[in-house]
A.B. asks: 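Let me begin by handing over the structure; questions about it come next.
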Protein chains: 2
Amino acid sequence: MGNEEVVPLAHRVPDLGALELLLAVARVGSLSGAARGLGITQPAASSRIRAMETRLGVALVDRSPRGSTLTAEGALVTDWARRVVEAAEAFDVGAQALRGRRDSRLRVAASMTIAEYLLPGWLIALRGQRPGTAVSLHAGNSAIVAGLVLAHEADLGFVEGLSVPEGLDSVVIAQDRLVVAVAPGHPWARRSRGVEAAELAATPLILRERGSGTRQVLDAALAAAGGLAQPLLELASTTAVKSAALSGAGPCVLSELAVGDELGSRRLVEVPVAGTGLARALRAVWPTGARPAGPARDLLSLTRRPA
Amino acid sequence: MGNEEVVPLAHRVPDLGALELLLAVARVGSLSGAARGLGITQPAASSRIRAMETRLGVALVDRSPRGSTLTAEGALVTDWARRVVEAAEAFDVGAQALRGRRDSRLRVAASMTIAEYLLPGWLIALRGQRPGTAVSLHAGNSAIVAGLVLAHEADLGFVEGLSVPEGLDSVVIAQDRLVVAVAPGHPWARRSRGVEAAELAATPLILRERGSGTRQVLDAALAAAGGLAQPLLELASTTAVKSAALSGAGPCVLSELAVGDELGSRRLVEVPVAGTGLARALRAVWPTGARPAGPARDLLSLTRRPA
DNA sequence: GTTACCCATAAACGCAGTTTATGCCGTCAT
DNA sequence: ATGACGGCATAAACTGCGTTTATGGGTAAC
């Protein structure tokens with residue numbers, strides 16, 4: 001009973017190479033053309049697509065002597081595949097930035113939430129505009145980011161929180177919001193009117209550890225409502241908090257960036273909070289006076305969403 | 001010059017099995033425990049994680065005699081990995097539903113946009129609640145969905161569009177919105193005030209083919225503004241429209257569900273449209289009088305977002 | 001009819017990941 | 001202290017999957 005994952009996901013889903021190949025076939029319109037584009041031979045492509053079709057039990061491409069086009073099901077599958085490949089691209093640029101050496105052209109420091117959920121997308125977009133730019137990434141809390149930027153060991157920093165560290169200029173690039181979320185079975189999930197700030201403050205919650213940006217904002221917001229109760233769990237990562245909440249341990253408080261997917265699929269339910277604001281600004285920061293230039297400026301302009 | 005993808009993505013990103021393993025290590029707290037959970041041996045897990053670390057050039061886990069915990073970088077990488085795995089899960093449930101046979105317990109018919117972007121998430125959530133439910137999926141335009149539902153060949157249908165087909169009851173499950181989007185280099189990208197309906201109507205656009213739900217809504221919305229100009233391109237799939245717009249061919253009009261990622265990463269820019277509404281309702285439909293019951297009811301309740 | 005493009009199939013090859021079999025190192029209980 | 005336990009690393013042999021090479025059949029255009 002429970003989660004006996006009989007056959008792992010990796011055996012039911014084609015590997016990334018096959019998904020990439022499918023996208024290439026969709027784009028190019030032929031197996032052999034797609035194979036050329038990926039640097040493999042035509043029989044290899046043929047065999048991979050065929051293996052994929054038998055594994056899924058669905059015909060994906062209509063083969064003809066003058067090319068291959070997607071079937072209706074193939075088009076659907078291709079779009080799902082595209083989402084996997086895009087997530088893999090985000091993984092790639094993130095990991096590459098993480099590994100980046102000291103001599104990288106653009107050194108970025110970012111808070112955990114921003115590094116996890118926003119930066120990969122920005123870096124993909126940046127790569128689209130300036131393909132040559134090598135990026136390195138250092139992730140840490142606001143104090144660490146501020147230190148790296150002040151010491152000129154990072155060209156641009158991204159922080160979340162209420163105040164801007166001393167000695168830094170900043171611009172608000174987005175508004176983030178903390179959300180209270182519970183598993184669907186939790187009593188709060190049925191309360192359409194949500195909870196009052198005072199009740200939230202009095203309830204043991206699943207939280208990030210003291211010192212995290214998330215925790216600071218929550219402390220400040222609930223100070224007027226009597227201050228935070230003893231936490232139910234204090235965990236070191238966003239992920240740990242999320243899985244504790246998913247398993248029904250209790251209400252958690254996380255950035256809406258972190259729980260967006262879970263809310264969308266209804267694995268977690270947002271609980272509205274009345275009586276206090278849980279918004280916080282996401283800011284780009286740089287040493288006072290030293291306006292970002294070059295690649296840092298390019299990245300900055302990418303991050304500024306239209307109002 | 002251009003897109004010489006020297007080394008394909010699949011060689012720079014660990015395969016799904018490795019990513020799943022990393023998630024298991026994060027969850028369980030030890031390599032051998034994770035290995036047990038996935039049905040492989042401990043040396044295999046050790047070797048895979050190590051290979052991943054050397055490939056990424058980053059230490060992911062701190063090994064100790066009493067278990068393994070993620071490093072700070074490892075936590076970041078794990079979260080990126082989670083997004084890939086979740087996309088793969090969506091692929092899996094989608095593909096599985098697509099293959100579903102006639103005797104499946106729950107037969108769903110959905111329009112393309114809903115099947116592509118929303119249904120996988122719902123099915124994952126449904127699997128969480130009712131793990132045993134086998135789902136089959138048929139994707140097509142509104143008329144096809146209506147036909148399947150009326151003929152009782154589908155237990156539940158999902159359509160987008162302005163009107164509800166005859167003989168069906170419906171409930172609005174979400175609001176969708178068509179957005180006009182251009183590549184960042186396009187002149188419209190800099191117009192913060194957007195375009196008037198009349199100008200949009202007079203401009204050749206990249207569109208889905210006539211008969212698609214997207215096209216119908218656009219036709220209706222711009223009828224008052226003089227009707228649609230001759231399209232710049234008429235393409236058969238959402239994907240094709242998107243890539244044409246991405247390559248700078250011109251403005252496209254698509255569901256916000258379809259271009260959400262591109263807008264987020266700024267690879268496409270939304271152009272506001274004044275003077276007309278491009279909203280459309282997404283509806284669940286069933287034969288008049290025959291309220292959904294059983295699994296269909298479960299799925300329906302999952303899709304209804306809180307107001 | 002010839003050329004050019006496309007896809008399918010068969011056989012041999014090579015490598016990546018796996019298992020089996022050990023050994024070392026801490027921790028905890030006795 | 002000491003022995004049992006759990007966890008990780010390493011080495012060697014094995015297995016299978018994806019690959020290339022080689023070949024054949026089919027259709028459209030010139």
Side-chain angles (χ1 to χ4, degrees), chain A residues 5-56 58-71 74 81 85 88, chain B residues 5-56 58-71 74 81 85 88:
Chain A
E5 193 84 23
V6 190
V7 48
L9 185 62
H11 290 169
R12 287 179 301 168
V13 177
D15 60 78
L16 284 170
L19 299 182
E20 242 187 324
L21 174 61
L22 181 61
L23 297 188
V25 171
R27 191 174 52 243
V28 174
S30 87
L31 293 189
S32 40
R36 273 194 301 276
L38 296 182
I40 62 177
T41 59
Q42 171 265 320
S46 182
S47 136
R48 269 189 103 124
I49 295 285
R50 176 168 297 280
M52 209 160 141
E53 285 178 316
T54 61
R55 164 149 36 184
L56 300 182
V58 173
L60 298 175
V61 301
D62 270 332
R63 301 125 157 80
S64 93
R66 38 177 219 176
S68 294
T69 63
L70 294 178
T71 63
V85 170
Chain B
E5 193 83 25
V6 190
V7 46
L9 186 62
H11 291 169
R12 286 179 300 168
V13 177
D15 58 78
L16 284 170
L19 298 182
E20 243 188 321
L21 173 61
L22 181 62
L23 296 189
V25 171
R27 190 175 54 244
V28 174
S30 85
L31 294 189
S32 41
R36 275 193 298 275
L38 296 182
I40 63 176
T41 59
Q42 171 265 319
S46 182
S47 137
R48 266 179 101 104
I49 294 285
R50 176 168 298 280
M52 211 161 139
E53 286 178 315
T54 61
R55 164 146 39 182
L56 301 182
V58 173
L60 297 176
V61 302
D62 270 332
R63 303 155 225 277
S64 91
R66 37 180 219 170
S68 294
T69 63
L70 294 178
T71 63
V85 170

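Chain identifiers are assigned alphabetically (A, B, ...) following the order of the sequence lines, protein sequences preceding nucleic acid strands; residue numbering begins at 1 within each chain. This structure is a prediction, so every number in the text was calculated from the model and none was measured.
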A.B. asks: Please report the distance, rounded to the nearest Å, between CG in Leu31(B) and P in dG7(D).
C.D. replies: 10 Å
A.B. asks: Separation of Ile49(B) atom CD1 from dG7(D) atom P, in whole Å?
C.D. replies: 15 Å
A.B. asks: Would you mind reading off the distance between Arg36(A) atom CZ and dT20(D) atom C1', rounded to a whole angstrom?
C.D. replies: 16 Å
A.B. asks: With respect to the phosphate group of dA16(C), does any side-chain polar atom (N or O) of Arg55(B) fall under 4.0 Å of OP1 or OP2?
C.D. replies: no
A.B. asks: Measure from the side-chain heavy atoms of Asp15(A) and tell me the nearest of dG7(D), dT20(C), dG18(D).
C.D. replies: dG18(D)
A.B. asks: Mind checking if Ser32(B) touches a base, just sugar-phosphate, or nothing, with heavy atoms under 4.0 Å?
C.D. replies: sugar-phosphate
A.B. asks: Between protein and nucleic acid, restricted to nucleotides 10-15 of chain C and to nitrogen or oxygen atoms under 3.5 Å apart, what atom pairs and distances do you find?
C.D. replies:
none

A.B. asks: Please determine if a side-chain N or O atom of Thr41(A) lies less than 4.0 Å away from the OP1 or OP2 oxygen of dT19(D).
C.D. replies: no
A.B. asks: Looking at Ser68(A) and Val61(A), what are the two nearest heavy atoms and their distance?
C.D. replies: CB-CB, 4.4 Å
A.B. asks: At 4.0 Å (heavy atoms only), tell me whether Ser30(A) reaches a base, stays on the sugar-phosphate, or touches nothing.
C.D. replies: sugar-phosphate
A.B. asks: Can you name the nearest heavy-atom pair linking Ala88(A) to Leu16(A), along with the distance?
C.D. replies: CB-CD2, 3.9 Å
A.B. asks: Just to confirm, is there a sub-4.0 Å distance from OP1 or OP2 of dC7(C) to any side-chain nitrogen or oxygen of Ser68(A)?
C.D. replies: yes
A.B. asks: Could you tell me which non-hydrogen atom of Ala26(B) sits nearest to which non-hydrogen atom of Leu70(B), and how far apart they are?
C.D. replies: CB-CD1, 3.5 Å
A.B. asks: What integer distance in Å separates Ile40(B):CD1 from dT15(D):C1'?
C.D. replies: 16 Å
A.B. asks: Once you round it to whole Å, what is the distance between C1' of dG18(D) and CG of Leu16(A)?
C.D. replies: 15 Å
A.B. asks: Partners of Gln42(B) by side-chain hydrogen bond (donor to acceptor under 3.5 Å, both in side chains), sequence neighbours excluded?
C.D. replies: none
A.B. asks: Can you tell me the distance, in whole Å, between the CD atom of Gln42(A) and the P atom of dA4(C)?
C.D. replies: 18 Å
A.B. asks: According to a strict under-4.0 Å criterion, is Ser46(B) in side-chain N/O contact with OP1 or OP2 of dA9(D)?
C.D. replies: yes
A.B. asks: Tell me, please, which residues at least two apart from Thr69(B) pass side chain to side chain contact (heavy atoms under 4.5 Å, CB included).
C.D. replies: Asp62(B)
A.B. asks: Partners of Asp15(B) by side-chain hydrogen bond (donor to acceptor under 3.5 Å, both in side chains), sequence neighbours excluded?
C.D. replies: Arg48(B)
A.B. asks: What is the distance, rounded to the nearest whole Å, between atom NE2 of His11(A) and atom P of dG17(C)?
C.D. replies: 12 Å
A.B. asks: Can you list the residues that meet the side chain to side chain contact (heavy atoms under 4.5 Å, CB included) rule with Thr41(B), with sequence neighbours excluded?
C.D. replies: Pro43(B), Ala44(B)
A.B. asks: Minimum heavy-atom separation for His11(A) and Arg55(A), please, with both atom names.
C.D. replies: O-NH1, 3.1 Å
A.B. asks: Which part of the nucleic acid, if any, lies within contact of Ser64(B), taking any heavy atom under 4.0 Å across all strands shown: a base, the sugar-phosphate backbone alone, or nothing?
C.D. replies: sugar-phosphate
A.B. asks: Quick one: which protein N/O atoms are closer than 3.5 Å to N/O atoms of nucleotides 26-30 of chain C? Pair and distance per line, please.
C.D. replies:
none

A.B. asks: Within the 4.5 Å heavy-atom criterion, are Thr71(B) and Glu53(B) side-chain neighbours or not?
C.D. replies: no
A.B. asks: Any heavy-atom pair between the side chains of Leu21(B) and Leu38(B) that's under 4.5 Å?
C.D. replies: yes
A.B. asks: Side chain of Arg48(B) only, heavy atoms from C-beta on: which candidate in dG7(D), dG17(C), dT19(C) is closest?
C.D. replies: dG17(C)
A.B. asks: dT9(C), OP1 or OP2 - any side-chain N/O from Arg50(A) closer than 4.0 Å?
C.D. replies: yes
A.B. asks: At their closest point, which heavy atom of Ser46(B) faces which heavy atom of Leu31(B), and how far apart are they?
C.D. replies: CA-CD1, 4.0 Å
A.B. asks: Going by the salt bridge (Lys or Arg N to Asp or Glu O under 4.0 Å) test, which pairs reach into residues 36-46 of chain A, not counting sequence neighbours?
C.D. replies: none
A.B. asks: How far does the helix from dG1(C)-dC30(D) to dT30(C)-dA1(D) bend, going by the axes of its first and last five pairs, to the nearest 10°?
C.D. replies: 20°
